[in-house]
Amino acid sequence: MSNQAALIEAARGGSATAFADLVRDYRDGLLRFLLTRASSYADAEDALQDTLINAYRYLHSYDSRWRFSTWLYRIAINNVSRMRPVDTVELGDLRDEKSDPLAHCIAASDRENLWRYASRTLSDEVYAAMWLRYVEDMSVNDIAAVLERSVSWTKINLMRGRQALSEGLGNNATDDKSTAYG
Amino acid sequence: MDKLAKQLREDAERIECTVSAELDKRIQASLLATEPEAAKPRGRESRRAWFWWASSLTGVAAAVVMIAIVNLQAPDAVPEASAPTAAPLVLPSIRWHAETAVLTSPLQEEIDDLQSDLRKAEEAVKQDIDRLF
């Protein structure tokens, strides 16, 4: 039995310490993703806490045929979508700089961080697909499983996301004209 | 790794954040206060199945008894039913005038061209997707 499998088994038996060890390596990555999706740093931290508690509570439903990170991201994305009402998504670019959770986390640079540009131009699902693909190195099948979409949908929307971001990259990522897809 | 993928990865790495000690404490405390839900025990499911079978069989038995009772009773004399007097329903006849559309040759050619363009576009998109993923 692998170390991860042993930790999962112990956590299922009620060991919070085993669960904390199990998720230790995933927490920073999840927080980084949640920061790009939440409206404030505190919301991102709350979302991370909720994600980990839900994962611990419903660990019995985890299927070991999946990667553990895939399952965690699925819970995190569900939490984020509950946290952000659908009708506020389009207002992303009206957020003021002080409340932007990324404002203090991104090192100063002469160009805009592409994920901020992506946040304004891509839909939540396409953004999540792009993040899982290019930051978490997930396979298309895993991304489809996380987003509960078909593999074809995932491939097409990854391509649309790439097109939209390539345009942003070409325009120095500062053009406010949205080329949203998805 | 292409330029865009590389830049996306770099920009994600530029987002500096770690779980703070305070958040770590909060998470630990929440986890300790949470009980993981146990998987549903098999015994309960088998009890449910047993209950389902028992109630189904009881229902079927009750239905059989009712049918038997109804059929064993002597039939009462049934008065002769009078013939129904409902007036026949007359639907007004509607004449539909429809003519088959005949496509002229240029239109047909245009449709063929459009379909051909569509097939080519589909092929191009499929090739792009296969190349990327």
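Below, all heavy atoms of this structure are taken into account, side chains as well, without hydrogens, waters or symmetry copies. Lettering follows sequence order; numbering is per chain, from 1. Worth saying up front: this structure is predicted, and the values here are computed from it rather than measured.
Proximity to chain A is limited to the side chain of B:Leu23, based on heavy atoms less than 4.5 angstrom apart. The part of A:Ala11 that comes within reach of chain B is its backbone (N, CA, C, O), which places non-hydrogen atoms under 4.5 angstrom from that chain. Contact of A:Phe19 with chain B is made through the side chain alone, with heavy-atom distances under 4.5 Å. A:Asp46 touches chain B through backbone and side chain together, each having a heavy atom under 4.5 Å away.
Salt bridge B:Asp128/A:Lys155: absent, no basic N to carboxylate O contact under 4.0 Å. A:Arg27 and B:Asp24 are joined by a salt bridge, as a carboxylate oxygen and a charged side-chain nitrogen come within less than 4.0 angstrom of each other.
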Notebook entry, point to check: Which is it for A:Asp137 and B:Arg9 under the side-chain contact (heavy atoms from CB on, under 4.5 Å) test, yes or no, and what are the steps along the way?
Noted result: CA-CA 10 Å; A:Asp137 279 333; B:Arg9 181 175 286 275; 2.7 Å; yes

Margin query: Could you walk me through whether A:Glu45 and B:Arg26 satisfy the side-chain contact (heavy atoms from CB on, under 4.5 Å) test, starting with their C-alpha distance in whole Å, then the side-chain angles of each, then the deciding distance to 0.1 Å, before giving a yes or no?
Written below: CA-CA 10 Å; A:Glu45 288 190 331; B:Arg26 237 170 67 190; 4.2 Å; yes

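Pairing each heavy atom of B:Leu31 with each of A:Leu52, the nearest pair is CD2-O, 4.1 Å. Across all non-hydrogen atoms, the minimal contact from A:Tyr56 to B:Pro36 is O-CB, 3.4 Å. In plain terms, the two heavy atoms of B:Glu35 and A:Arg57 that are nearest each other are O-CG, 4.1 Å.
In the hydrophobic cluster analysis, where Ile, Leu, Val, Met, Phe, Trp and Tyr join through side-chain heavy atoms closer than 4.5 angstrom, A:Trp66 is grouped together with A:Met138. Note: the hydrophobic cluster containing A:Tyr58 does not contain A:Leu30 (ILVMFWY, side chain heavy atoms under 4.5 Å, direct or indirect links). Linking ILVMFWY residues whenever their side-chain heavy atoms come closer than 4.5 Å, directly or via other members, places A:Val151 and A:Ile77 in the same cluster.
Separating the CZ atom in A:Arg162 from the CG atom in B:Leu4 is a distance of 5.0 Å, to the nearest 0.5 Å. Expressed to the nearest 0.5 Å, how far OH of A:Tyr117 lies from CG of B:Asp11 amounts to 13.5 Å. Between the CD1 atom of B:Ile27 and the CG atom of A:Leu48 there is a distance of 4.5 Å, given to the nearest 0.5 Å. B:Glu13 contributes atom CD, which lies 11.0 Å from atom CG of A:Asn113 (distance to the nearest 0.5 angstrom). B:Gln28 CD to A:Gln49 CD: the interatomic distance, rounded to the nearest 0.5 Å, is 11.0 Å.
Interface summary for chain B: among A:Thr17, A:Leu158, A:Val140, A:Val23, the most heavy-atom pairs under 4.5 angstrom belong to A:Leu158. Most heavy-atom pairs under 4.5 Å with chain B, from the set A:Arg12, A:Met130, A:Met159: that is A:Met159.
Heavy atoms from other residues, nucleotides or ligands lying under 6.0 Å from CD of B:Glu122 number more than 12.
When each of B:Thr18, B:Val19, B:Ile15 is paired with A:Leu31, the side chain to side chain contact (heavy atoms under 4.5 Å, CB included) condition holds for B:Val19 and for no other.
Contact of the A:Ile156 side chain with the B:Ile129 side chain is registered, since non-hydrogen atoms from C-beta on lie closer than 4.5 Å.
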